[in-house]
Amino acid sequence: MQLQQKIDLIKNNQAVAMLAPTFAIDFKYPNIIGMLKRLGFKEVTELTFGARMVNWAYANYIKAHPNQELFISSPCPTVVAFVKTQYPDLVKYLMPIVSPMAAMAKVHKKFTPKCKVVFISPCWAKENLEAPKYKEIDAVITLKDLKQIFDQERIKEEDFNKDYYFDSLIREYTRIYPISGGLASTSHIQKLFKEGEILVTDGVENIKKAFEDFRNGNRQYKFLDLLNCPGGCIGGPAINKQDLSIEQRKKIIFEYTHRSSEATMGKQEGKVKDAEDINLKTSF
Ligand code: SF4
């Protein structure tokens, strides 16, 4: 879909913007919510409740498979594609659970079936490799494209210095998901493994090493929490501020998590019961 078609889709429909937490690296919170509404979105939401549901589904799946020798996290479509093409023998270990993006899109379609869901992404892999699998995702706009759209539509951050709030169910603590290890540290899966059995790593070379070690008989790790980009999604290629170091980006996400938690505490908190009837299973 061309960029203009995406803009038309936003303006002419009950469109919902689903923000990946990495947006905070490029845009100010909460100004971004007002900016997206000016663009034409009827609702602006974040992925946190989707991530909460993914955590819940991960724990259930792991508990139901006590004898499985390895589990590989699957929210990163680049990691999934890497396993499928280079390590087909490991496909069976990929967690057959959707990503927070797909989970949150399913939540939206459950509550507002006619809405159009647009994911704001830190990379192109989400658009090209993952979104086409799910009918619940109507379009993906990268953070780079979003900046271009705002410039084109003359929507300026400084004109939106008010209090704005997300429209959807939220679970603040998962806002650190885009940082390498965010999934393992927020999903409480530590309780399901012994100390030293979870490996958190990022970057192609490190991921390759983890897979090679497993192939060579090393069974130290039972759960691999993997993201393709350096530092995790905060190192995504479609983030505008590529000049910031990974440490600087991490700091921004932690600051955003802290600030936004104060602002949204107690508001529309999502509970598992709100979405436990949604099918979060997938296959690779
Ligand atoms: S780690 Fe990189 S490629 Fe993978 S989902 Fe995140 S931004 Fe996209």
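Both counts, for ligands and for their atoms, begin at 1 and track the order of listing.
- Residue P178 places no heavy atom under 4.0 Å from ligand 1.
- Here is the list of ligand 1 atoms found below 4.0 Å of a heavy atom in P77: 5 (S).
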Requested in this report: Decide yes or no on salt bridge (charged side-chain N to carboxylate O under 4.0 Å, His left out) for K208 and E212, but give the supporting numbers first.
Outcome: CA-CA 6 Å; K208 213 166 143 185; E212 291 297 334; over 6 Å; no
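- Using a cut-off of 2.8 Å, one finds that C123 contributes an N/O/S atom close to atom 8 (Fe) of ligand 1.
- In this structure, F23 and Y29 have tilted ring planes: the angle between them lies in the 30° to 60° band.
- Few gaps surround NZ on K110; more than 12 heavy atoms of other groups in view lie less than 6.0 Å from it.
- Taking atom 3 (S) of ligand 1 as the reference point, the nearest protein heavy-atom neighbour is T78 OG1, 3.2 Å.
- Among protein heavy atoms, atom 6 (Fe) of ligand 1 sits closest to C233 SG, 2.3 Å.
- No donor-acceptor contact under 3.5 angstrom links the side chains of D202 and N228, judged on distance only.
- There is a side-chain donor-acceptor pair under 3.5 Å between Y134 and T282.
- For atom 4 (Fe) of ligand 1, the closest non-hydrogen atom of the protein is C76 SG, 2.3 Å.
- Residue N228 approaches ligand 1 through these ligand atoms, each under 4.0 Å from one of its heavy atoms: 1 (S).
- Between F193 and F223, the ring-plane angle classifies as tilted under the 30° and 60° cut-offs.
- Counted within 6.0 Å of CD on Q220, heavy atoms from surrounding residues, nucleotides or ligands total more than 12; the atom is thus considered enclosed.
- Atoms of ligand 1 lying under 4.0 Å from at least one heavy atom of C229, given by number and element, are 1 (S), 2 (Fe), 3 (S), 7 (S).
- If you number the atoms of ligand 1 from 1 as listed, the ones under 4.0 Å from a heavy atom of G236 come out as 7 (S).
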